[in-house]
Amino acid sequence: MNVGYFLYDLLVHNEEFVGRSDISEFSAYEDVQNPPITLLTCADSRIQGQILGMDLINKVFTVRNAGNQVARNKGSLAYALTVLNTEIFLILGHTNCGAVNFAAGACLAKVRTLKETNKASVIEPALNEEKIPGGINLTFSKEKSMSIHRLQKVDFSVVGRDVQREMLPLTLPIEKVIARLPKIGNEKKELAYLSQANVDYQVEKALEYYGDRVKENKLVIVGGVYDFVGAYSSTRGRVVITNINGLNDKMKLQENVRTYCASDDTFDKSGELYKLCCKLIEEKVSRI
Ligand SMILES: [Zn+2]
């Protein structure tokens with residue numbers, strides 16, 4: 001993008017936002033923010049707020065990093081969850097996540113450590129590591145999937161050590177599930193499955209830190225995957241709910257979402273939108 005074009009966009013389009021905003025909107029939150037939702041998502045440019053379909057100002061406290069990792073921004077998340085007391089914590093991964101794919105490539109190459117020198121860094125194979133912890137053998141000689149074939153070509157040298165350091169913790173959730181990929185048998189679904197596994201892991205992490213708030217009914221942790229490739233269904237652009245408070249059984253999850261929706265008295269339960277919501281629970285509360 002031409003810098004002049006960017007600056008033009010910044011000046012002109014922000015002024016359009018100013019023009020259509022009511023001054024009372026700013027006054028409402030000029031002294032304090034009170035968002036009900038904390039969103040942790042990947043820094044990937046393909047994920048933007050409008051996918052949630054709502055006006056996010058003063059509603060969503062957003063924290064982003066590569067691979068939507070809870071441990072990377074503990075301070076910002078603690079502020080949102082324990083000082084601002086947001087009631088909902090949405091951890092949103094996405095299909096075809098570069099950070100997850102990087103970690104999967106590292107698992108396949110059996111590398112999980114970063115050797116650092118003054119001049120450069122090299123990701124090193126773990127010594128004599130035939131099997132990853134947990135005993136899953138990463139040899140796929142017979143049933144190698146397309147995604148594994150692609151992930152084995154990950155070139156670690158193209159990213160610097162700061163990037164590598166940030167991505168390598170993602171090998172922890174990925175190495176637990178990567179051996180299941182050949183059984184899925186569909187490249188889009190296989191990669192989405194890895195993102196889903198990462199979200200499960202991040203929800204687990206969040207429960208470690210904030211489980212007390214969940215038990216006290218002060219917080220609900222929702223895990224989801226933004227599916228822009230059509231891995232969960234043929235409809236692209238859907239946010240799929242894959243985990244609630246660590247619950248990750250599809251049928252139980254759907255029941256859980258139905259219960260939450262049914263207990264909210266603000267909906268007209270006989271209206272068309274509520275019927276649509278019930279239908280969408282079956283399609284968008286899902287798992288691979
Ligand atoms: Zn990503």
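Indexing begins at 1, ligand by ligand and atom by atom, following the structure's order.
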CZ of Arg287 to CG of Asn248, rounded to nearest 0.5 Å, is 4.0 Å
Between atom CG of Leu52 and atom CG of Leu39, what is the distance when rounded to the nearest 0.5 Å?
-> 6.0 Å
Atoms of protein origin (N, O or S) under 2.8 Å from the Zn ion (ligand 1) = Cys42 SG, His94 NE2, Cys97 SG
Hydrophobic cluster of Val12, others only, ordered by chain and residue number, side-chain cut-off 4.5 Å | Tyr8
Taking the six-membered ring of Tyr232, is NZ or CZ of Lys284 closer than 6.0 Å to its centre and within 45° of its axis?
-> no
Can you list every salt bridge (charged side-chain N to carboxylate O under 4.0 Å, His left out) pair that touches residues 45-59, not counting sequence neighbours?
-> Asp44-Arg46
Under 3.5 Å, side-chain donor or acceptor atoms of residues 83-92 against the rest of the protein: list the pairs with distances, not counting sequence neighbours.
unit_1 : atom_1 : unit_2 : atom_2 : d
Asn85  : OD1    : Arg213 : NH2    : 2.5
Asn85  : ND2    : Val83  : O      : 3.4
Thr86  : OG1    : Thr38  : OG1    : 2.6

